Amino acid sequence: MKSIFNKIKYYFEKQKLFNRVTLEQSNFAILDTETTGLRVSKGDKVISVASIKISEFKIREDVILDELVNPQIKIPEQSTMIHNIKDEDVKDKPTLIEIEDKILKFIKKSVLVGHNIDFDIKFLKNNAKNTNLANRMKVIQPIDTIHLTAGLFPDLKNYELTSLCEHFNIKADDQVRHSALGDCWLTARLFLFLLNKAKDLGITNITGLIKLCDRGLNLHHIIKNAKNIH
């Protein structure tokens, strides 16, 4: 019962914070993971975690998290073909639980942002069960750039990350696609573009961004296809 009341208290405190703090005052942590496969329920594991900070409408190039993770299982060849991470790359790396404090410290006091961020959250919750990291992922209020883009631009035919960067003329050719850090950079640039668009529409706080995300999430084609967009 106590844990339920704590969650309710945390929810209301978070809503007050989201209403009070302006976008300019907000810190954002863009997060992405690479995994052994797409099905966390079938035992797939995180093999790479990256995060980039945005504050005061600027990407913090000096503050970056980029970690390879030992999944303690073999990486399938078909997955390596996508992200180019091999068994030998991660065999001597720490496990996810061994770096949970580093991840938590990096995202502390930040709004978590990602492209199809639910995918990453589910993997972190599952792979780090019964840890502070998993508990944080259970209560976190993320911003999904798929939903945010759809809320601002509901008539686009494609919400895949590379396509969005091309559509909005966002620089992407200097990053490795389907690497955690490379995708973080692209998502950070996309999010910064979306932040400015939201500001132009009079959005002043996180609550406003969440409402835009809810609008995007309710679009039929986003509900149908979001899980397959990356």
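In this text the structure is predicted, and so the values were computed from the model without any measurement. All residue numbers refer to positions in the sequence shown, counting from 1.
Taken from CG in Leu31 to CD1 in Ile103, the straight-line distance is 7.5 Å, to the nearest 0.5 Å. A distance of 10.0 Å separates CD1 in Ile143 from CD1 in Ile30, rounded to the nearest 0.5 Å. Annotation: the span from Ile146 atom CD1 to Leu156 atom CG amounts to 12.0 Å, rounded to 0.5 Å. Taking OG1 from Thr149 and CG from Asn158, the interatomic distance works out to 11.0 Å, rounded to the nearest 0.5 Å. Atom OG1 of residue Thr131 and atom CD of residue Glu98 lie 12.5 Å apart, to the nearest 0.5 angstrom. The CG atom of Leu148 lies 4.5 Å from the CG atom of Leu194; values are rounded to the nearest 0.5 Å.
By the criterion of side-chain heavy atoms lying less than 4.5 angstrom apart, applied directly or through intervening Ile, Leu, Val, Met, Phe, Trp or Tyr residues, Leu68 is not grouped with Val46; the two fall into different hydrophobic clusters. Hydrophobic clustering keeps Val90 apart from Ile82 (ILVMFWY residues linked when any side-chain heavy atoms are closer than 4.5 Å, directly or through intermediates). In the hydrophobic cluster analysis, where Ile, Leu, Val, Met, Phe, Trp and Tyr join through side-chain heavy atoms closer than 4.5 angstrom, Leu186 is grouped apart from Ile85. The hydrophobic cluster containing Leu201 also contains Ile206, counting ILVMFWY residues as joined when their side-chain heavy atoms lie under 4.5 angstrom apart, directly or transitively.
A 4.5 Å side-chain heavy-atom check between Lys58 and Ile54 finds every atom pair outside the cut-off. By the 4.5 Å heavy-atom criterion applied to side chains, Leu209 and Phe191 are counted as neighbours. Ile47 has its side chain within reach of His83: a pair of non-hydrogen atoms, C-beta onward, lies under 4.5 Å apart.
Not counting sequence neighbours, Lys86 has no partner by the salt bridge (Lys or Arg N to Asp or Glu O under 4.0 Å) test.
When atom types are taken as modelled, the side chain of Asp120 and the backbone of Thr33 share a donor-acceptor pair closer than 3.5 angstrom. With Ser110 contributing its side chain and Leu112 its backbone, the two residues share no donor-acceptor pair below 3.5 Å.
Classification of the Phe193-Phe153 ring pair by plane angle, with boundaries at 30° and 60°, yields parallel.
Under the 6.0 Å distance and 45° angle rule, Lys45 does not count as a cation-pi partner of Phe123.
A side-chain contact (heavy atoms from CB on, under 4.5 Å) with Thr187 holds for exactly one of Asp32, Leu161, Leu164, Leu192; it is Leu161. Tested against Asp44 for a side-chain hydrogen bond (donor to acceptor under 3.5 Å, both in side chains), the candidates Thr36, Asn126, Asn127 yield a single pass: Thr36.
Around the CG atom of Asp200, the shell of radius 6.0 Å holds more than 12 heavy atoms that belong to other residues, nucleotides or ligands. Annotation: Lys93, atom NZ; neighbour count of heavy atoms from other residues, nucleotides and ligands within 6.0 Å does not exceed 12.
We find that Asp173 and Lys171 are joined by a salt bridge, their nearest charged nitrogen and carboxylate oxygen being less than 4.0 Å apart. Remark: Arg189 engages Asp174 in a salt bridge, criterion side-chain N to carboxylate O under 4.0 Å. Remark: Lys199 engages Glu24 in a salt bridge, criterion side-chain N to carboxylate O under 4.0 Å. Under the 4.0 Å criterion applied to side-chain N and carboxylate O atoms, Arg177 and Glu160 are assigned as salt-bridge partners.
Between the side chains of Thr22 and Asn205, not a single donor N or O lies within less than 3.5 Å of an accepting N or O. Inspection of the His115 and Thr145 side chains reveals an N or O donor paired with an N or O acceptor under 3.5 Å.
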